[in-house]
Amino acid sequence: MNEREFLRKLQEKAREQERAMKSVPFPSLFSFIVAWLSHHPWRYLIPLAFIITLILRSVLGSDYTDFILRLFREIL
């Protein structure tokens with residue numbers, strides 16, 4: 001395969017990917033979220049996990065701790 005064929009195939013794959021992105025129900029929202037999370041995901045995911053933990057802990061109380069312990073017991 002020479003360079004010209006390689007570039008042609010690369011362009012075809014890029015067009016296929018673009019068609020696939022446009023077929024997603026909310027392409028602009030999806031591309032925004034991907035771009036937002038792609039730079040430094042831990043900067044957003046760790047605080048989000050902490051906030052979710054606080055909310056669940058306040059709603060469920062000590063049952064939350066029991067649930068997490070049961071969950072990890074089953075996984076391991």
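Worth knowing before you read on, the calculation uses all heavy atoms, side chains too, and leaves out hydrogens, waters and symmetry mates.
With no hydrogens or angles considered, no side-chain donor-acceptor pair links R57 and S62 at under 3.5 Å.
Q11 pairs in a side chain to side chain contact (heavy atoms under 4.5 Å, CB included) with only one of the listed residues (K13, R15, K9), which is R15.
Under the 4.5 Å side-chain heavy-atom criterion for Ile, Leu, Val, Met, Phe, Trp and Tyr, L54 and L48 are members of distinct hydrophobic clusters. Connection of F50 to L60 is not established within any shared hydrophobic cluster, with ILVMFWY side chains joined at heavy-atom distances below 4.5 Å, either directly or through further cluster members.
Residues F67 and L56 have side chains not in contact (no heavy-atom distance under 4.5 Å, counting atoms from C-beta outward). Between D66 and D63, the closest side-chain pair of non-hydrogen atoms falls below 4.5 Å.
Taking CG from N2 and CG from L7, the interatomic distance works out to 9.0 Å, rounded to the nearest 0.5 Å. To the nearest 0.5 Å, atoms OH (Y64) and CG (L69) are separated by 10.5 Å.
Annotation for Y44: atom OH counts as buried by contact number, over 12 foreign heavy atoms lying within 6.0 Å. The 12-atom threshold is not exceeded at CD of E3, counting heavy atoms of other residues, nucleotides or ligands nearer than 6.0 Å.
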For salt bridge (Lys or Arg N to Asp or Glu O under 4.0 Å), just list the numbers for R8 and E12, CA-CA rounded to whole Å, side-chain angles, deciding distance to a tenth of an Å, and then say yes or no.
CA-CA 6 Å; R8 186 179 49 77; E12 286 176 19; 2.8 Å; yes
Let me see the working for L10 and F6 under side-chain contact (heavy atoms from CB on, under 4.5 Å), right down to the final yes or no.
CA-CA 6 Å; L10 196 61; F6 175 74; 4.3 Å; yes
